[in-house]
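Just so it is clear: chains get the letters A, B, ... in the order the sequence lines come, proteins before strands, and each one is counted from 1. Just so we're clear, the structure is a prediction, and the values are computed from it rather than from any experiment.
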Number of protein chains: 2
Amino acid sequence: MTAKTYTPRTAAAGVEAALGLVEGRWKLLILFHLFDGKVLRYSDLERAIPEISQKMLAQQLRRLEADGLVARTAYDEVPPRVDYRLTPWGQALCPALDAFLSWTERRDDESPPRPAA
Amino acid sequence: MTAKTYTPRTAAAGVEAALGLVEGRWKLLILFHLFDGKVLRYSDLERAIPEISQKMLAQQLRRLEADGLVARTAYDEVPPRVDYRLTPWGQALCPALDAFLSWTERRDDESPPRPAA
DNA sequence: CTGTATCCTCAGAGATACTG
DNA sequence: CAGTATCTCTGAGGATACAG
């Protein structure tokens with residue numbers, strides 16, 4: 001991409017696949033609550049993200065786990081206990097997210113006209 | 001994000017907004033065709049992305065323009081002519097996209113088990 | 001506590017036809 | 001050439017109830 005030799009369709013497909021792993025209204029929110037090595041239980045996440053429904057929380061956690069971003073640990077205890085943390089690969093998402101953040105912050109520097117929304 | 005002091009909700013919202021500018025099935029494909037300073041007409045883009053409908057092409061171009069990523073130039077000629085190119089800010093998206101691409105490429109290095117889809 | 005199952009709504013996306 | 005106007009379909013997301 002930085003290079004001059006790329007195939008638009010291939011590069012776009014690659015980035016799109018990566019974006020898909022993080023897409024949707026909730027995944028990023030969940031990931032940000034787990035960044036920096038934090039380990040949270042299902043109910044911790046419910047409290048941290050009050051607007052999410054149980055369905056969406058469970059569903060997105062399943063997807064993040066299937067995609068290898070999040071690790072789920074279930075303890076066989078009498079009140080069930082399950083916790084979630086990021087995998088090393090999940091943690092490695094940070095730089096990419098940072099790059100996006102700094103890109104948005106450059107908006108005002110480089111696009112003076114800005115034709116309004 | 002790399003820093004230890006961030007508010008999950010704020011950071012997530014920021015990244016989500018940035019991702020929104022690039023979301024959807026077509027925007028990345030359009031952007032990749034315009035990277036590297038290329039200037040394309042509407043019909044060039046139609047040819048470059050044959051599966052896109054006129055509606056979606058026009059709609060996504062409007063959005064990219066409104067968001068300040070793409071610049072539209074209409075020439076007042078007898079067969080209408082319009083071309084599209086990236087704004088400087090649009091060009092500046094590359095590093096962020098690169099970061100995402102290198103992240104996906106690290107998957108196999110760091111997540112040996114991979115529980116299948 | 002940690003989830004599933006069901007039903008519903010709505011915006012994104014596609015097909016097709018038409019226009020300055 | 002460069003679009004707009006409709007219509008329809010689909011799937012993400014949400015509300016609510018139930019279960020191990």
Side-chain angles (χ1 to χ4, degrees), chain A residues 9 12-13 16-17 19-31 33-34 38-67 69-85 115 117, chain B residues 9 12-13 15-31 33-34 38-67 69-85 115 117:
Chain A
R9 301 193 52 95
E16 196 171 0
L19 257 34
L21 301 181
V22 139
E23 239 173 22
R25 185 172 166 188
W26 301 113
K27 283 182 185 167
L28 281 175
L29 214 35
I30 295 171
L31 290 176
H33 281 285
L34 293 174
K38 285 194 281 291
V39 178
L40 298 178
R41 303 178 51 159
Y42 184 88
S43 49
D44 293 330
L45 287 165
E46 276 191 306
R47 267 186 297 278
I49 312 172
E51 330 85 273
I52 199 173
S53 66
Q54 290 187 315
K55 170 188 166 183
M56 291 312 290
L57 180 54
Q59 180 182 99
Q60 299 308 310
L61 283 171
R62 294 285 116 64
R63 288 179 186 175
L64 289 168
E65 190 194 357
D67 290 335
L69 286 161
V70 161
R72 189 188 112 114
T73 314
Y75 303 89
D76 202 349
E77 298 176 358
V78 59
R81 184 160 67 98
V82 177
D83 62 38
Y84 297 90
R85 72 198 69 200
Chain B
R9 301 194 52 96
V15 176
E16 196 171 358
L19 257 35
L21 300 181
V22 139
E23 240 174 25
R25 183 172 168 189
W26 303 112
K27 284 181 184 167
L28 281 174
L29 214 35
I30 295 171
L31 290 176
H33 281 285
L34 292 174
K38 286 193 280 290
V39 177
L40 297 178
R41 303 178 51 159
Y42 183 89
S43 50
D44 292 330
L45 287 165
E46 276 192 304
R47 267 185 298 277
I49 313 172
E51 329 85 276
I52 199 173
S53 66
Q54 290 186 316
K55 170 189 166 183
M56 292 310 290
L57 179 54
Q59 180 182 99
Q60 300 308 310
L61 283 171
R62 295 286 115 71
R63 290 180 185 175
L64 290 169
E65 190 193 357
D67 291 334
L69 286 160
V70 161
R72 188 188 112 114
T73 313
Y75 303 89
D76 201 351
E77 298 177 359
V78 59
R81 183 160 67 100
V82 178
D83 63 37
Y84 297 89
R85 73 199 67 200

| query | Is B:Tyr75 touching bases, backbone alone, or none of the nucleic acid, heavy atoms closer than 4.0 Å? | reply |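 No contact at all - B:Tyr75 keeps every heavy atom at 4.0 Å or more from the nucleic acid.
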| request: Treat primed atoms plus P, OP1 and OP2 as sugar-phosphate and everything else as base, then score nucleotides 15-20 of chain D 5' to 3': B for base contact with protein heavy atoms under 4.0 Å, S for sugar-phosphate contact only, - for none. | output: B-B--B
Rounded to the nearest Å, what distance is computed from the [atom1] atom of residue [X] to the [atom2] atom of nucleotide [N]?
{"X": "B:Leu57", "N": "C:dG12", "atom1": "CG", "atom2": "P", "result": "18 Å"}
{"X": "B:Arg62", "N": "D:dA5", "atom1": "CZ", "atom2": "C1'", "result": "14 Å"}
{"X": "A:Tyr84", "N": "C:dC1", "atom1": "OH", "atom2": "P", "result": "14 Å"}
{"X": "A:Ile30", "N": "C:dT2", "atom1": "CD1", "atom2": "P", "result": "14 Å"}
{"X": "B:Leu61", "N": "C:dA13", "atom1": "CG", "atom2": "P", "result": "14 Å"}
{"X": "B:Gln59", "N": "D:dT6", "atom1": "CD", "atom2": "P", "result": "15 Å"}
{"X": "B:Arg63", "N": "D:dT4", "atom1": "CZ", "atom2": "P", "result": "12 Å"}
{"X": "B:Glu77", "N": "D:dA2", "atom1": "CD", "atom2": "C1'", "result": "13 Å"}

Does [X] put a side-chain nitrogen or oxygen below 4.0 Å from OP1 or OP2 of [N]?
{"X": "A:Arg81", "N": "C:dT2", "value": "no"}
{"X": "A:Tyr42", "N": "C:dT4", "value": "no"}
{"X": "B:Arg41", "N": "D:dC1", "value": "no"}
{"X": "B:Arg72", "N": "D:dG3", "value": "yes"}

| field | Residue whose nearest DNA chain C nucleotide is more 5′ - B:Met56 or A:Asp44 | value |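 The 5'-side residue here is A:Asp44.
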| query | So do the side chains of B:Tyr84 and B:Ile30 get within less than 4.5 Å of each other, counting heavy atoms only? | reply |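 No, too far: nothing below the 4.5 Å cut-off.
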| query | Do A:Leu28 and B:Leu19 touch side chain to side chain, with heavy atoms closer than 4.5 Å? | reply |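 SC-SC contact between A:Leu28 and B:Leu19 confirmed.
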| task | With sequence neighbours excluded, tell me which residues meet salt bridge (charged side-chain N to carboxylate O under 4.0 Å, His left out) with A:Arg85. | result |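 Salt bridge (charged side-chain N to carboxylate O under 4.0 Å, His left out) check on A:Arg85 returns A:Asp83.
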| task | Mind checking salt bridge (charged side-chain N to carboxylate O under 4.0 Å, His left out) for A:Arg9 and listing every partner two or more places apart, or none if nothing turns up? | result |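 A:Arg9 satisfies salt bridge (charged side-chain N to carboxylate O under 4.0 Å, His left out) with B:Glu51 once adjacent residues are dropped.
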| message | Restricting to non-hydrogen atoms, name the atom on A:Leu69 and the atom on A:Leu21 that form the minimum distance, rounded to 0.1 Å. | response |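 Answer, listing the atom of A:Leu69 first, then A:Leu21: CD1-O, 3.8 Å.
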| To the nearest 0.5 Å, how far apart are CE in B:Met56 and CH2 in B:Trp26? |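 These two atoms lie 8.0 Å from each other.
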| Would A:Asp44 and A:Arg41 pass as an ion pair if we require N to O under 4.0 Å? |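 No salt bridge links A:Asp44 with A:Arg41.
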| task | Measure from the side chain of A:Ser43, starting at C-beta and using heavy atoms only, and say which of C:dT2, D:dT4, C:dG3 lies closest. | result |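 Within the option list, the nearest is C:dT2.
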